Amino acid sequence: MAAKSHPHQVDTDVYKKGFYEVHEIVVPHLGHVPIAKGDFSRLPSKVQQWVAKKVDLCEPRCLYICDGSQNEADEIIGKLMERGSLKRLHAMDNCFIVRTDPADVARVESKTFVCTEKEHDTVPHLSEGPHTNIGQWMSPANMEVEIKKRFPGCMKGRCMYIIPFSMGPVGSKFSKIGVQLTDSNYVVLCMRIMTRVSPKIWDALGDDYFVKCLHSVGVPRPVTRPVVNHWPCNPENTMIAHFPDTWKIVSYGSGYGGNSLLGKKCFALRIASRIAKDEGWMAEHMLISGVTDPKGKEMYITGAFPSACGKTNLAMLRPNLPGWTVRCVGDDIGWLRFLDDGKLYGINPESGFFGVAPGTSMKTNPMAMLTCKTNTIFTNTADSVDGRVYWEGLEDEFEEPKDVQMTDWLGKPWKMGMKSNAAHPNSRFCTPAGQCPMIHPLWEDPNGVPISAIIFGGRRPKGVPLVFETFDWNHGVFVGACVKSETTAAAEFKGKNIMHDPMAMRPFMGYNWGDYLKHWLQFGKNPKNKLPKIFHVNWFRTDDNGKFLWPGFGDNIRVIDWILRRCRGEEDIGIKTPIGIVPKEGTINLEGLPQLDWKAMFEIPKDYWLEDMVETHNFFQAQLGTDLPEEVRQEMEKQEARLKTM
Ligand code: GTP
Ligand code: SPV
Ligand code: MN
């Protein structure tokens, strides 16, 4: 029987599921809005109501209900290629390259806000006023004003895509559902790689809440501003707002990465960290991997390093020690919870990798290279006339002809040997996790995997040893709160400064980070919990000439080996120092490596660390004020005392 076509009166909501196929909806300002694809009546009515309100606000030309299928992707890819914004890479299989407006290349932390009724739900109580660079607060009422300045009519002449997605395997108790509305088809293509997009979401949603994600590039038609590289964006007015009280995200003006793929940083970290606090779990900027030793014993690790500091690389590490295997569960985000057996379990809520391209090669990260061979979208890399991708780091392995004509990330002619960068330092590959040759068989397990070690780290050219173990959970939380790193191209900061990035969550903290630290601490107080050990690593210590002291990458397994031996209780391989337990000389397997300077890698310069403690004191004072947890203050004082008597 042919389905009946009928305009959808959202206010009265007279449609029963499956009765009519709804091909248009009617909203107060716009009147009839056609549905280009999908059946509106199939959406849960709470979704219908919300979509209708946003249609009324944004005034799109049509609606398109995504199903995440390959056909759908092919259709959108076709459109984008026609328009010139997507280019097929002919030497690769179903791979494409996109160049953004050079003004839209990274996350913009200065324009990212968390909006709660109570200011101190977002930022700590500070004596000198709420000046923190960890969480930026705006009242929901003021943000509403900003939204009103930007969103009315912002999708005119464009299609609004409705993307139902799950973070985490559909149906897992760890998982959460979101719906993103966007006017960017690039975002649609990336969301279907990075998250699980499927009509099944509508059924799985049931009576649960979902995270409401609204995104617009902020360039309605007819276009009144120059569009560069066929990449519409509105950098002057970019704004990314989170409403953790009501599970809402509103993002305007940017099409790039964490600004626009709202399932990632906005949902799976900022909103989820707040949900996690309320529900008793943790949402962290962490990789998860399974590591199997030569005896066949597998243990799982997580690593929290700031953006562009090596999570993807560690997650996919290919061990330079015989007999070892690493398998990747996730490379960027971990959702963790203590289950009834007392162990900490984790899932990767994402289903793709949005990885840093430069520096990735068959030498450094072969598994990422193999993952990216098919079904991948490259953003802001270079490409060659014969249809290959290129970026800094591929010099040696880029196959002949090497002098082939290339186009750099800015769209300008480029050839190997030229001084300028071929790729933007924050250029990325967006690729399905399931394609990774070493993806873990349990990576989609609804129950997650049991975690034995939590590893913090950052880019620390001076003073910080290759690895140390913290004394206990509270000391580990203190060390996590002290994470610092050289700034990278993943955000808008210029130059290389050492910045604080507590728990690698500075840009992603969804609530008052004093409360966040207390949340971590209370897990340590529950005697039922079998707490993982907490470590700190630094692959990036340099010698006086600025050269890395440690080879890194596949050799990092040597450090992981030591970490796991500590987790299994090997006592005599560690030495207590004021900052933690470091390896006894010779207890890290360096077989097959050229001569390394052990002392330079592990030395703990007293003056450096005493100064660091003063700086840490000031940082906590300035950024946590009276919300500094007592336990963290005690750990700081104990460490200071240990250093003074060193
Ligand atoms: P985000 O996706 O931004 O969160 O970054 P990430 O933490 O996943 O960092 P990723 O693994 O992509 O690494 C970023 C850069 O650091 C790349 O250029 C890597 O080549 C480089 N890198 C990663 N691991 C190592 C290492 O062990 N040693 C050195 N020297 N460089 C590394
Ligand atoms: C990061 O910056 O930590 C990323 C890239 O993983 S983005 O998705 O742009 O946030
Ligand atoms: Mn990241």
Side-chain angles (χ1 to χ4, degrees), residues 100 104-109 112 187 190-191 193-195 240 251 254-270 284-287 289 303-318 320 328 330-334 350 352-369 379-380 391-394 423-430 455-461 466-467 483 485-493 501 504-508 537-542 546-560:
T100 71
D104 190 20
V105 294
R107 283 185 292 100
V108 276
E109 295 179 14
T112 300
V187 166
C190 293
M191 280 294 285
I193 294 173
M194 296 305 299
T195 74
I240 296 130
S251 167
S254 166
Y256 203 86
N259 301 333
S260 70
L261 312 177
L262 300 188
K264 198 171 178 54
K265 305 304 170 138
C266 298
F267 176 166
L269 287 178
R270 296 192 194 96
E284 303 297 335
H285 192 201
M286 283 179 181
L287 70 95
S289 277
F305 315 154
S307 300
C309 289
K311 287 183 300 304
T312 301
N313 276 268
L314 182 57
M316 298 180 198
L317 176 147
R318 211 181 44 174
N320 283 354
C328 172
D331 83 320
D332 196 53
I333 300 178
E350 302 189 278
F353 309 127
F354 189 68
V356 178
T360 308
S361 69
M362 286 306 281
K363 255 212 313 270
T364 59
N365 192 349
M367 292 303 146
M369 292 300 288
T379 304
N380 285 342
W391 53 73
E392 278 58 39
L394 292 180
H424 186 276
N426 191 40
S427 54
R428 300 258 169 180
F429 50 80
C430 179
I455 307 171
F456 291 111
R459 290 177 182 259
R460 299 294 292 275
L466 179 62
V467 57
V483 165
S485 190
E486 236 173 24
T487 47
T488 65
E492 73 265 42
F493 307 106
D501 195 339
M505 283 287 279
R506 172 182 43 76
F508 313 119
V537 298
N538 177 25
W539 315 140
F540 300 95
R541 195 170 191 175
T542 54
K547 199 174 158 284
F548 293 126
L549 288 162
W550 176 247
F553 302 106
D555 289 311
N556 292 336
I557 191 67
R558 301 168 191 271
V559 174
I560 304 299

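What you see below is based on every heavy atom in this structure, not just the backbone, and it leaves out hydrogens, waters and symmetry mates. Residues take their numbers from the sequence shown, with the count starting at 1. Just so it is clear, the structure is predicted and the values come from calculations on it, not from any experiment. For ligands, and for the atoms within them, numbers begin at 1 and follow the listed sequence.
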With rounding to 10 degrees, what does the angle H285:NE2 / the Mn ion (ligand 3) / D332:OD1 come to? 90°
If the cut-off is 2.8 Å, does any N/O/S atom of K265 fall short of it from the Mn ion (ligand 3)? yes
Show the numbers, then the answer: is there a side chain to side chain contact (heavy atoms under 4.5 Å, CB included) between V537 and N556? CA-CA 10 Å; V537 298; N556 292 336; over 6 Å; no
Side-chain H-bond candidate by donor/acceptor type, [X] with [Y], under 3.5 Å:
X: R107; Y: S307; answer: yes
X: N365; Y: T360; answer: no
X: N538; Y: W550; answer: no

Side chain, backbone, both or neither: which part of F508 comes within less than 4.0 Å of ligand 2 when only heavy atoms are counted? side chain
So for D332 against ligand 2, with non-hydrogen atoms under 4.0 Å, the contacting part is side chain
Within 4.0 Å of some non-hydrogen atom of G359, the atoms of ligand 1 are 18 (O), 20 (O)
Closest protein heavy atom to atom 3 (O) of ligand 2, given as residue, atom name and distance to 0.1 Å: S307 OG, 2.5 Å
Closer than 4.0 angstrom: is that true for some heavy atom of S361 and an atom of ligand 1? no
May I ask whether W550 has any heavy atom positioned less than 4.0 angstrom from an atom of ligand 1? no
Would you say Y256 contacts ligand 2, with heavy atoms under 4.0 Å as the rule? no
Which is closest to atom 2 (O) of ligand 1 in terms of heavy atoms, R107, K311, R459, R428? R428
Flag this pair as yes if the NZ/CZ of K265 is under 6.0 angstrom from the six-membered ring centre of F508 and inside a 45 degree cone about the axis; otherwise no. yes
